[in-house]
S.K.: 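To start, I am sharing the structure in question, which I have written as structure tokens.
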Amino acid sequence: MSVTHSSRSSKSSASDTETEDDNQVVKVAIVGTGLAGLATAYYLTSASDKTVRYETHLFEERTSIGFDAASVSAVDDNGVEKRIDVPMRSFADGYYKRVIALYRSLGLQFHDAKFTYSFSELVNENTNTYFLHGGRKGLTNGGRPAGVGRVKYITDLLVIALFYLYFSVIAVVKTPRGNVSVSNDDGYTGKNQGCIYGSVDMARVHSNIESFESYARRFHIPQWFTDKFVVALFCAMSTCDAATIKNAPAADIIDYKTRTFGKAHYVLSNSSRSAVSALIEPLNRENIHLGAGARAIIRDGPTWTIHTAGGDYTHFTHVVFATAPGRIGTLYPPFASALKLVKTNFVKVLVHTDERVLNFLHPQNIRELNLLCLPSGTEATHVLFPGVFQTTNPTCLSDDVDSDDFGGRIQKDKILSESVFERVVRSNELVHAVDQLRTLQGQQNVWVAASWMWEGLVLLEGCITSAEFVCNGISRRSSSSPLSAEKV
Ligand SMILES: Cc1cc2nc3c(=O)[nH]c(=O)nc-3n(C[C@H](O)[C@H](O)[C@H](O)COP(=O)(O)OP(=O)(O)OC[C@H]3O[C@@H](n4cnc5c(N)ncnc54)[C@H](O)[C@@H]3O)c2cc1C
């Protein structure tokens, strides 16, 4: 027998327009507690006022809040316990306008991570470190890779700097075809004043989207430069293979590059946990349902019921999906056809203490972020603090691809945590799926907020931008009383 939960007070009834203490109570189910789900719940709850009270419920299939679920704690050399974000949750000035505005409004502390980078590649089964990047200190301040003579280093540096400058100028003056540029600039105050968000442009449809590869070719940016630097870096950021980045909308890369040029890359000083605490602060804890994966959403008159393994939760006016696209298509078939071409990939992230993971590098070439760029994707090892590493996309460098320690690179008993993440692949198909979903958003009061549900790279900024759009749509409907479930 299934249990039926309803957290409405005894004063209120099942109708989505009835009032509680003269307030209109709008009950919203949010499926998924990554940053998109948390932000949606936070914005809506904070937007409650004298006329409308949003009763937001979060449903998460894991037993802890998704945004922090894979993070771990480790002890540094000084015996101090540190919380490690898994996966990395960095955000840059210029691109992450809404993330930064939200974090600021929540009073969260963040700092410039000042990452430095080493770039290596595999050539005839040998690794070669071809560049050290000084990060915010500048392209030319990374240092000379060990084993590279002074003359070759200076020549290489001059050539790289020249093409970097050329690419930077092209990126500023030449807009990619198809005009898919990020939509996070409009009228957001960042203040906790409820839903003061940008508008949802329902009509926007993109066509003739230029791929990055074609853009680079059009402007004669040499392939060695794009492969070794641009593609390698974006493979690491997007945790995908080189072919995916080459096929991705050029605007993704050009927008990110121009917006973050010379800007700081931040991390939260007190880990993602500080964001989780602040975002759930206004919520009623009884309405955070952990270990409660949504198995079905069922239309029940004008409202929705969320069916979970632990029972049914009833009388929701709105349902917001904040999960990977595959889950949404299964739970809500009207969105399935828009989502069927969207691809995702799975990426492994290990936090471990095996120093051998960087044995492919000369000790002088180790930097904070060590990228091993392969056509199948970039392996990235972040030196978190001495002796503790986070390796994303760990790769076996020997022929023994079946070995369970990545060919002697990461021993099993040195692994502190192992996680696999599903990530949406940014492609033309995704752009079209987002276009299509935008026209379906809010039909039957069902919505999607997620990192991939916007016009930029699949990153945290998409979570906040899409959460705002959804909150905007819900609040527009809620203020017009009475609510009609079918009203768009
Ligand atoms: C290795 C890696 C590194 C990254 N680094 C960065 C970075 O440095 N900066 C950056 O901006 N972005 C980064 N990203 C991307 C970013 O982390 C994600 O895009 C973002 O966190 C996704 O947030 P989301 O809320 O859309 O979805 P998710 O975080 O995937 O949340 C979805 C939640 O829904 C839950 N769920 C799924 N199905 C159900 C169901 N049926 N019922 C209930 N719950 C369900 C899941 O358990 C999950 O908790 C990285 C991603 C990866 C994989």
Side-chain angles (χ1 to χ4, degrees), residues 29-41 57-71 85-92 95-96 98-100 103 113 115 233-240 256 260 265-268 272 275-276 279 288-297 306-310 313 319-332 344-351 369 377-382 390-394 419-426 448-454 456-467 470:
I30 298 160
V31 180
T33 61
L35 187 61
L38 292 176
T40 307
H57 288 240
L58 282 167
F59 292 90
E60 171 56 54
E61 66 182 4
R62 301 197 222 192
T63 49
S64 55
I65 297 280
F67 192 44
D68 182 53
S71 300
D85 279 336
V86 181
M88 185 189 272
R89 306 289 196 184
S90 75
F91 48 102
Y95 197 77
Y96 291 76
R98 280 160 147 83
V99 170
I100 291 173
Y103 284 178
F115 293 127
L233 201 57
F234 279 85
C235 280
M237 276 175 58
S238 302
T239 54
C240 61
Y256 189 89
T260 60
H265 282 71
Y266 299 114
V267 288
L268 284 168
S272 298
V276 170
L279 289 167
I288 303 177
H289 311 289
L290 300 177
R295 291 183 168 180
I297 67 163
I306 308 294
H307 175 61
T308 74
Y313 295 79
V319 177
V320 181
F321 287 112
T323 68
R327 302 299 188 90
I328 300 173
T330 314
L331 289 168
Y332 188 61
T344 59
N345 63 23
F346 290 88
V347 57
K348 188 174 273 189
V349 181
L350 302 179
V351 177
L369 285 168
T378 297
E379 177 193 273
T381 294
H382 181 193
Q390 179 162 172
T391 301
T392 301
N393 192 26
S419 321
V420 175
F421 297 92
E422 183 176 3
R423 196 147 187 211
V424 175
V425 172
R426 184 76 181 154
V448 179
S451 54
W452 49 271
M453 187 60 205
W454 81 311
L457 290 163
V458 181
L459 295 170
L460 297 174
E461 183 67 5
C463 297
I464 307 302
T465 306
S466 60
V470 168

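Bear in mind the structure is a predicted one, so any value in this text is a computation, not a measurement. Just so you know, ligand 1 is whichever comes first in the structure, and atom 1 is the first atom listed for that ligand.
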S.K.: What is the minimum heavy-atom distance between I65 and V276, and which atoms define it?
M.R.: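 Minimum heavy-atom separation between I65 and V276: CG2-CG1, 3.8 Å.
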S.K.: Run the numbers for me: atoms of ligand 1, each under 4.0 Å from some heavy atom of V349, listed by number.
M.R.: 1 (C)
S.K.: What part of A450 sits under 4.0 Å from ligand 1 if we count only heavy atoms: the side chain, the backbone, both or neither?
M.R.: both
S.K.: Which part of R423 is near ligand 1, with near meaning a heavy atom under 4.0 Å away: side chain, backbone, both or neither?
M.R.: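 The side chain, only.
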S.K.: Would you mind checking which non-hydrogen protein atom is closest to atom 43 (C) of ligand 1, with the distance to 0.1 Å?
M.R.: E61 N, 3.3 Å
S.K.: Under a 4.0 Å N-O cut-off, is there an ion pair linking E422 with R327?
M.R.: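 Looking at E422 and R327, the cut-off is not met.
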S.K.: Using distance alone, decide if ligand 1 has a nitrogen or oxygen within less than 3.5 Å of any nitrogen or oxygen in T392.
M.R.: no
S.K.: Could you tell me which non-hydrogen atom of T323 sits nearest to which non-hydrogen atom of W452, and how far apart they are?
M.R.: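 Minimum heavy-atom separation between T323 and W452: O-NE1, 3.3 Å.
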S.K.: Regarding atom 32 (C) of ligand 1: of the candidates A322, A292, G66, which has the closest heavy atom?
M.R.: A322
S.K.: Does any non-hydrogen side-chain atom of S90 lie less than 4.5 Å from one of Y266?
M.R.: no
S.K.: Measure the distance from atom 22 (C) of ligand 1 to every protein heavy atom, then report the residue, atom name and distance (to 0.1 Å) of the closest one.
M.R.: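 I find the closest protein heavy atom is S451 OG, 3.4 Å.
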S.K.: Within a distance of under 4.0 Å, is there any protein heavy atom near atom 17 (O) of ligand 1?
M.R.: yes
S.K.: Could you tell me how the ring of F321 sits relative to the ring of Y332: parallel (under 30°), tilted (30 to 60°) or perpendicular (over 60°)?
M.R.: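 The rings of F321 and Y332 sit tilted, inter-plane angle from 30° to 60°.
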S.K.: Can you find an N or O of A294 that's nearer than 3.5 Å to an N or O of ligand 1?
M.R.: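 N/O-N/O distance below 3.5 Å exists for this pair.
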S.K.: For atom 29 (O) of ligand 1, what is the nearest protein heavy atom, given as residue, atom name and distance?
M.R.: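 Heavy-atom neighbour on the protein nearest atom 29 (O) of ligand 1: G34 CA, 3.6 Å.
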S.K.: Show me which atoms of ligand 1 lie under 4.0 Å from any heavy atom of V347.
M.R.: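 Every atom of ligand 1 under 4.0 Å from some heavy atom of V347: 53 (C).
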S.K.: Quick check: does any side chain N or O of S451 sit under 3.5 Å from a backbone N or O of L459, one acting as donor and the other as acceptor?
M.R.: no
S.K.: Taking both backbone and side-chain atoms of V31, is any N or O found less than 3.5 Å from an N or O belonging to ligand 1?
M.R.: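 V31 vs ligand 1: no N/O contact under 3.5 Å.
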S.K.: Rounded to the nearest 0.5 Å, how far does CE of M88 lie from OG1 of T239?
M.R.: 12.0 Å
S.K.: Please confirm whether M237 comes within less than 3.5 Å of ligand 1 when only nitrogen or oxygen atoms on both sides are compared.
M.R.: no
S.K.: Checking the N or O distance criterion of under 3.5 Å, is ligand 1 in contact with R89?
M.R.: yes
S.K.: What distance separates L268 CG from D85 CG, expressed to the nearest 0.5 Å?
M.R.: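 So the gap between those two atoms works out to 6.5 Å.
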S.K.: Under 4.0 Å from a heavy atom of G293: which atoms of ligand 1 are those, numbered in the order shown and with their elements?
M.R.: 42 (N), 43 (C)
S.K.: Looking only at heavy atoms, is any part of S90 under 4.0 Å from ligand 1, and if so is it the side chain, the backbone, or both, or is it neither?
M.R.: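 Both parts.
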S.K.: Could you tell me the residue and atom name of the protein heavy atom closest to atom 2 (C) of ligand 1, and the distance to it rounded to 0.1 Å?
M.R.: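 Protein heavy atom with the smallest distance to atom 2 (C) of ligand 1: P87 CB, 3.3 Å.
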S.K.: For atom 34 (O) of ligand 1, what is the nearest protein heavy atom, given as residue, atom name and distance?
M.R.: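 Ranked first by proximity to atom 34 (O) of ligand 1 is G32 CA, 3.2 Å.
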S.K.: If you have a sec, work out which protein heavy atom is nearest atom 4 (C) of ligand 1 and how many Å separate them, to one decimal?
M.R.: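 So the nearest neighbour among protein heavy atoms is M88 O, 3.6 Å.
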S.K.: For the residue pair H57 and H289, categorise the inter-ring angle as parallel (less than 30°), tilted (30 to 60°) or perpendicular (more than 60°).
M.R.: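 Aromatic pair H57/H289 classed parallel.
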S.K.: Tell me if a side-chain donor or acceptor on R423 pairs with a main-chain N or O of V458 at a distance below 3.5 Å.
M.R.: yes
S.K.: For atom 36 (N) of ligand 1, what is the nearest protein heavy atom, given as residue, atom name and distance?
M.R.: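 The closest one turns out to be T323 CG2, 3.8 Å.
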S.K.: Any idea which protein heavy atom is nearest atom 24 (P) of ligand 1, and the distance to it?
M.R.: C463 SG, 3.9 Å
S.K.: Closer than 4.0 angstrom: is that true for some heavy atom of F59 and an atom of ligand 1?
M.R.: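 Right, F59 reaches ligand 1.
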S.K.: Between Y96 and ligand 1, find which residue part has any heavy-atom pair under 4.0 Å and reply side chain, backbone, both or neither.
M.R.: side chain
S.K.: Is T239 close to ligand 1, meaning an N/O of one under 3.5 Å from an N/O of the other?
M.R.: no
S.K.: Looking only at distance, does E60 have an N or O less than 3.5 Å from an N or O of ligand 1?
M.R.: yes
S.K.: With respect to atom 37 (C) of ligand 1, which of R62, R327, H289 exhibits the smallest heavy-atom separation?
M.R.: R327
S.K.: Looking only at heavy atoms, is any part of L460 under 4.0 Å from ligand 1, and if so is it the side chain, the backbone, or both, or is it neither?
M.R.: both
S.K.: Under a 3.5 Å distance rule, please check whether T330 uses its side chain to pair with a backbone N or O of G326 as donor and acceptor.
M.R.: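 The answer is yes, because a donor-acceptor pair under 3.5 Å joins these two groups.
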S.K.: Would you say F421 and ligand 1 have an N/O pair spaced under 3.5 Å apart?
M.R.: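 Among all N and O atoms of F421, none is under 3.5 Å from an N or O of ligand 1.
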S.K.: May I ask which of V420, I297, L459 has a heavy atom nearer to atom 12 (N) of ligand 1 than the others do?
M.R.: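 Closest candidate by heavy-atom distance is L459.
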S.K.: Keeping E461 on the side-chain end and F91 on the backbone end, is there a donor-acceptor pair under 3.5 Å?
M.R.: no
S.K.: Any donor-acceptor pair under 3.5 Å linking the side-chain atoms of S272 with those of D68?
M.R.: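 Note: D68 and S272 side chains miss the donor-acceptor criterion.
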S.K.: Indicate yes or no for a side-chain donor-acceptor contact from S466 to the backbone of C463 under 3.5 Å, with no hydrogens or angles considered.
M.R.: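 Here the side-chain-to-backbone pair exists.
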S.K.: Quick one: closest heavy-atom pair of R89 and V86, and the distance?
M.R.: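 R89 and V86 have their closest heavy atoms at NH2-O, 4.2 Å.
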S.K.: Is a side-chain donor or acceptor of E60 paired with a backbone partner of T33 at a separation under 3.5 angstrom?
M.R.: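 Judged by distance alone, yes, a pair lies under 3.5 Å.
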S.K.: Ignoring hydrogens and geometry, is there a side-chain-to-backbone donor-acceptor pair from T308 to G310 under 3.5 Å?
M.R.: yes
